[in-house]
There are 2 protein chains.
Amino acid sequence: MTAEENPPVGLRERRRRETLREVADAALTLFEERGVAATTVDEIAASAGISPRTFFRYYPTKEHALFHEDAEYRAIRVGLLDDVRGGADLAAAIQHAWVRLFDDFDRRPEIRARVLRVRRVIESEPMLLARAVTNDIDNADELIDAAVDAAGAHADVLTIRATVAAMDAIIRVVFGEWVRRSELGDAASAGGIYREVIAGLAPLGAHLSRDAAE
Amino acid sequence: MTAEENPPVGLRERRRRETLREVADAALTLFEERGVAATTVDEIAASAGISPRTFFRYYPTKEHALFHEDAEYRAIRVGLLDDVRGGADLAAAIQHAWVRLFDDFDRRPEIRARVLRVRRVIESEPMLLARAVTNDIDNADELIDAAVDAAGAHADVLTIRATVAAMDAIIRVVFGEWVRRSELGDAASAGGIYREVIAGLAPLGAHLSRDAAE
DNA sequence: GAGTACATGGCAGTGACTGCCAAGTTGGCG
DNA sequence: CGCCAACTTGGCAGTCACTGCCATGTACTC
């Protein structure tokens with residue numbers, strides 16, 4: 001008996017996931033080849049072997065097909081939520097989650113390669129960057145709720161929001177730089193870039209803690 | 001002779017600016033009344049007294065009509081660019097520019113009211129929030145270039161990028177909180193919220209400068 | 001006052017996305 | 001096995017955002 005996830009995986013569900021993935025791959029490839037604007041939903045659907053009407057039952061917009069969340073990504077996110085709900089320091093937990101993902105990139109080239117392809121397309125079109133940001137915002141809301149719950153009655157929601165927003169912004173910069181360097185042929189490590197950014201931000205950090213003391 | 005801007009303001013240009021503004025107002029009002037998705041370009045155009053075809057000669061998408069940049073805003077941005085090009089500390093200059101704008105809000109209720117209306121609509125639709133972020137990113141590029149120029153040969157572009165991104169993220173949180181509180185009937189001051197956020201971020205700042213020292 | 005550059009509006013076309021309906025599949029159950 | 005119910009798919013028609021093209025008007029130039 002091949003071990004599958006236990007209860008909620010019927011045969012239908014597995015097919016659905018396969019199709020989801022195939023459509024995402026088709027979209028990614030076409031986006032890379034001819035750009036996002038020049039790719040029609042009809043083409044993506046044809047390339048994935050489904051009708052255009054069905055495409056929209058899998059993804060609400062053509063851009064969404066690019067943001068198919070792979071398993072590793074999801075695992076990291078769930079782990080982060082657990083940590084935070086368990087009372088971990090918010091900023092440290094976020095940092096830990098991303099560093100873990102970045103380390104994964106260095107260890108597993110096939111994951112690294114796919115994420116890099118996706119991020120490269122994202123950086124190439126402002127529209128996609130916008131969608132990526134809305135994704136970040138959605139995820140952030142979940143994280144903020146978790147942190148608020150963990151902090152209990154005396155939760156400082158505003159600070160929690162600001163912390164998450166700042167960390168997200170930093171991560172976006174890391175991805176941007178990662179793509180930029182890789183396009184220059186530099187096989188940069190995302191984790192390395194992250195550490196560079198943190199180091200560079202030390203003066204700003206000092207500035208922040210000083211300002212508050214006034 | 002009424003003092004106008006000197007060289008590049010013909011009669012045509014003035015009309016254009018008026019129309020730009022009228023269209024933006026029409027869009028804002030309709031968005032507030034019935035939501036962004038439920039408002040068609042035809043309605044906005046009709047309400048502003050132009051044809052739909054002409055609408056697209058003023059704004060590339062219906063969302064863009066919301067992001068009409070008013071004079072105060074532009075003045076602040078230009079001032080910031082000058083400061084940075086003049087060699088001012090980047091984070092301090094950004095902070096200074098925003099605080100100046102926030103103080104303007106407290107002093108001039110009509111500006112405050114309009115910005116608040118716009119931000120309220122923005123916060124109500126994730127897509128608009130995303131557009132706002134991409135706008136910020138575009139403006140950021142200009143600012144980053146200025147900072148890089150000012151720093152000369154030994155400019156640390158990555159740190160500059162990260163600094164600007166982090167500050168932008170913080171400002172977005174401020175606007176979000178400002179809208180949230182104002183919807184609760186609380187006539188909050190954006191400047192006050194900014195100071196609250198900075199104070200709350202002190203531990204994160206300390207965290208950042210400590211991490212870098214490791 | 002004529003000529004030119006530009007702004008406007010209409011028209012037709014493409015492409016994203018939705019609701020609706022008909023046909024095919026799948027899964028459960030007697 | 002056979003049958004019903006639930007679900008999935010694809011086609012069709014419709015709305016709306018947005019674009020290129022062209023004819024007509026309006027503003028600046030000399």
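All chains are named by letter (A, B, ...) in the order of the sequence lines, taking the proteins before the strands, and each is independently numbered beginning at 1. This is a predicted model, so every value here is computed, not measured. All heavy atoms count here, side chains included; hydrogens, waters and symmetry mates do not.
- C:dG27 atom P lies 10 Å from atom CZ of A:R14, rounded to whole Å.
- Residue B:Y59 is out of contact with every strand shown, counting any heavy-atom pair closer than 4.0 Å.
- Counting only residues at least two apart or on different chains, the side-chain hydrogen bond (donor to acceptor under 3.5 Å, both in side chains) pairs with a member in residues 31-41 of chain B are B:E32-B:R117, B:R34-B:E43.
- Whole-Å rounding puts the B:E43 CD to D:dA17 C1' distance at 13 Å.
- Shown here are the side-chain hydrogen bond (donor to acceptor under 3.5 Å, both in side chains) partners of B:R120, two or more places apart in sequence or in another chain: there are none.
- Within residues 23-40 of chain B, the residues that place at least one heavy atom under 4.0 Å from DNA chain D are, in residue-number order, B:T39, B:T40.
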Under a 4.0 Å heavy-atom criterion, the protein footprint on nucleotides 17-26 of chain C, written with B, S and -, is BBBB----BB

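- Within the 4.0 Å cut-off from OP1 or OP2 of C:dG9, at least one side-chain nitrogen or oxygen of B:S51 is found.
- How far CG of A:D168 is from OG1 of A:T163: 11.0 Å, rounded to the nearest 0.5 Å.
- Atom-to-atom, CG of B:L66 to C1' of D:dA17 comes out at 17 Å; the value is rounded to the nearest Å.
- At whole-Å resolution of the value, CD in B:E13 and C1' in D:dT26 are 16 Å apart.
- Partners of B:D82 by side-chain hydrogen bond (donor to acceptor under 3.5 Å, both in side chains), not counting sequence neighbours: none found.
- Here A:N135 pairs with nothing under the side-chain hydrogen bond (donor to acceptor under 3.5 Å, both in side chains) rule; sequence neighbours left out.
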Apply side chain to side chain contact (heavy atoms under 4.5 Å, CB included) to residues B:D70 and B:R21 and explain how you reach the verdict. CA-CA 9 Å; B:D70 5 40; B:R21 180 71 192 228; 4.3 Å; yes

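- Taking the six-membered ring for Trp and thresholds of 30 and 60 degrees, B:W178 and B:F105 have nearly parallel ring planes, at less than 30 degrees apart.
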Kindly determine whether A:E72 and A:R108 satisfy side chain to side chain contact (heavy atoms under 4.5 Å, CB included), including the steps that lead there. CA-CA 11 Å; A:E72 301 77 23; A:R108 295 160 66 182; 3.8 Å; yes

